[in-house]
Participant: 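My structure is below; once you've seen it, I'll send some questions.
Below, chains carry the letters A, B, ... as their sequence lines are ordered, and counting in each starts from 1.
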There are 2 protein chains.
Amino acid sequence: MCDNYDPTKCQTVSEMLARLGDKWTVLVIMMLGDGPQRFSDLKRSVVGISQRMLTLTLRSLERDGIVERTVHPTVPPKVEYALTDLGRSFGEPIRALGGWVFTHHDRIQTARADFDRRNEVDAGNKLIKLG
Amino acid sequence: MCDNYDPTKCQTVSEMLARLGDKWTVLVIMMLGDGPQRFSDLKRSVVGISQRMLTLTLRSLERDGIVERTVHPTVPPKVEYALTDLGRSFGEPIRALGGWVFTHHDRIQTARADFDRRNEVDAGNKLIKLG
DNA sequence: CTGCATCCTACCAGATACTG
DNA sequence: CAGTATCTGGTAGGATGCAG
């Protein structure tokens with residue numbers, strides 16, 4: 001894909017893919033798709049995420065211009081996160097990918113089951129050979 | 001996204017995203033997009049990949065039904081890897097994502113530069129405060 | 001409430017050496 | 001040629017404690 005393109009851009013593609021690959025990024029983006037959210041709201045809705053990971057994830061997304069951070073200098077502090085235009089447009093290809101997995105979910109599952117079954121058989125054969 | 005859907009499928013979505021996130025999967029899929037390739041061909045074309053990682057990557061993709069493995073029982077051994085139909089169709093959303101990054105590459109880069117610049121300034125302010 | 005710093009662990013990529 | 005087996009360093013990420 002990157003053969004006849006700017007290698008710098010391919011670098012960025014890899015980076016964004018790696019970003020998507022981590023456990024939390026997509027979940028956070030999806031949550032923010034419903035509208036701006038406070039830090040603790042996100043912490044609650046993205047079940048299982050640690051404070052640290054939420055902070056790190058949001059920082060990365062903010063740096064890439066996907067998410068916008070707004071601090072209300074009140075006490076107690078209130079910080080809101082929202083998708084930028086860029087972030088919203090990023091959601092589209094992500095959803096496309098999610099959609100693909102949904103439609104092909106069954107084929108993937110059966111492929112895995114078949115593979116695992118074959119491997120068990122192979123393991124059995126190996127045992128026979130060894131015995 | 002997964003709110004009103006089968007949680008099992010969402011699990012699969014996460015898994016596939018994680019798959020995409022790793023360093024080599026997408027590269028391998030792209031290489032195979034040009035047609036079937038032997039193990040050592042892939043090793044050569046996917047620059048920097050180790051034997052071990054190539055094996056692992058191909059096994060995962062084979063398990064998910066993305067890649068098909070054909071052994072020719074000759075000597076020396078010859079093993080060919082090819083995309084399945086599922087694999088080829090998987091390429092589409094991936095390309096869509098790659099395309100998105102390409103088109104928005106500049107915005108991402110400037111967002112990052114801005115963010116980093118702001119942070120340097122902040123760091124400077126902190127130092128002033130501390131001094 | 002938000003978020004940084006620190007510590008600690010488990011896991012994984014990479015290198016190397018060996019096998020059919 | 002196409003793998004497997006084993007070791008090791010680096011890192012992602014959770015838990016905890018402190019601060020503004």
Participant: Send over the distance from A/K78 NZ to C/dT2 C1', rounded to a whole Å.
Facilitator: 14 Å

Participant: Could you state the atom-to-atom distance from CZ of A/F39 to C1' of C/dC4 in whole Å?
Facilitator: 11 Å

Participant: Would you confirm whether A/T12, through its side chain, and B/H105, through its main-chain N or O, come within 3.5 Å as a donor-acceptor pair?
Facilitator: no

Participant: Looking at B/Y81, I'd like to know whether one of its side-chain N or O atoms comes within less than 4.0 Å of OP1 or OP2 on D/dG3.
Facilitator: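 It does, given that an N or O in the side chain of B/Y81 lies less than 4.0 Å from OP1 or OP2 of D/dG3.
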
Participant: Out of A/L32, A/L83, A/L56, A/I66, which one pairs with A/L61 under the side-chain contact (heavy atoms from CB on, under 4.5 Å) rule?
Facilitator: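 Only one of A/L32, A/L83, A/L56, A/I66 forms a side-chain contact (heavy atoms from CB on, under 4.5 Å) with A/L61, namely A/I66.
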
Participant: Ignoring backbone atoms, test whether B/R44 places a side-chain nitrogen or oxygen under 4.0 Å from the OP1 or OP2 oxygen of D/dC1.
Facilitator: no

Participant: Nearest to the side chain of B/M53, heavy atoms from C-beta on, is which of C/dG14, C/dG20, D/dG3?
Facilitator: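 Of the candidates, C/dG14 comes closest.
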
Participant: If you look at every strand shown and take non-hydrogen atoms under 4.0 Å, does B/R38 touch a base, only sugar-phosphate, or nothing?
Facilitator: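 If one applies the 4.0 Å heavy-atom cut-off, B/R38 turns out to touch the sugar-phosphate alone, with no base involved.
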
Participant: Does OP1 or OP2 of D/dG14 have a side-chain N or O of A/K23 closer than 4.0 Å?
Facilitator: yes

Participant: Rounding to an integer number of Å, can you tell me how far B/L58 CG sits from D/dC1 P?
Facilitator: 16 Å

Participant: Would you find a donor on one side and an acceptor on the other, under 3.5 Å apart, between the side chain of B/S50 and the backbone of B/M53?
Facilitator: yes

Participant: Quick one: which of C/dT2, D/dC1, C/dA13 gets closest to the side chain of B/R52?
Facilitator: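 When the side chain of B/R52 is considered, C/dA13 is the closest of C/dT2, D/dC1, C/dA13.
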
Participant: Can you find a heavy atom in the side chain of A/R19 that is under 4.5 Å from one in the side chain of A/D64?
Facilitator: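 Yes; the side chains approach each other to less than 4.5 Å.
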
Participant: I need the CZ-C1' distance between A/R59 and C/dC4, as an integer number of Å.
Facilitator: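 The distance from CZ of A/R59 to C1' of C/dC4 comes to 9 Å, rounded to the nearest Å.
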
Participant: Would you mind telling me which residue lines up with the more 5' stretch of DNA chain D, A/W24 or B/E80, judged by nearest nucleotide?
Facilitator: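 Residue closer to the 5' terminus by nearest nucleotide: B/E80.
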
Participant: Look at the side chain of A/Q51 and decide which nucleotide, out of C/dG20, C/dC4, D/dT4, has an atom nearest to it.
Facilitator: C/dC4

Participant: From the options D/dC1, C/dT2, D/dG3, select the nucleotide whose nearest atom is closest to the side chain of B/S40.
Facilitator: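 Side chain of B/S40 sits closest to D/dC1.
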
Participant: Given atom CG of B/D22 and atom C1' of C/dG14, what is their separation to the nearest angstrom?
Facilitator: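 Interatomic distance, CG of B/D22 to C1' of C/dG14: 14 Å.
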
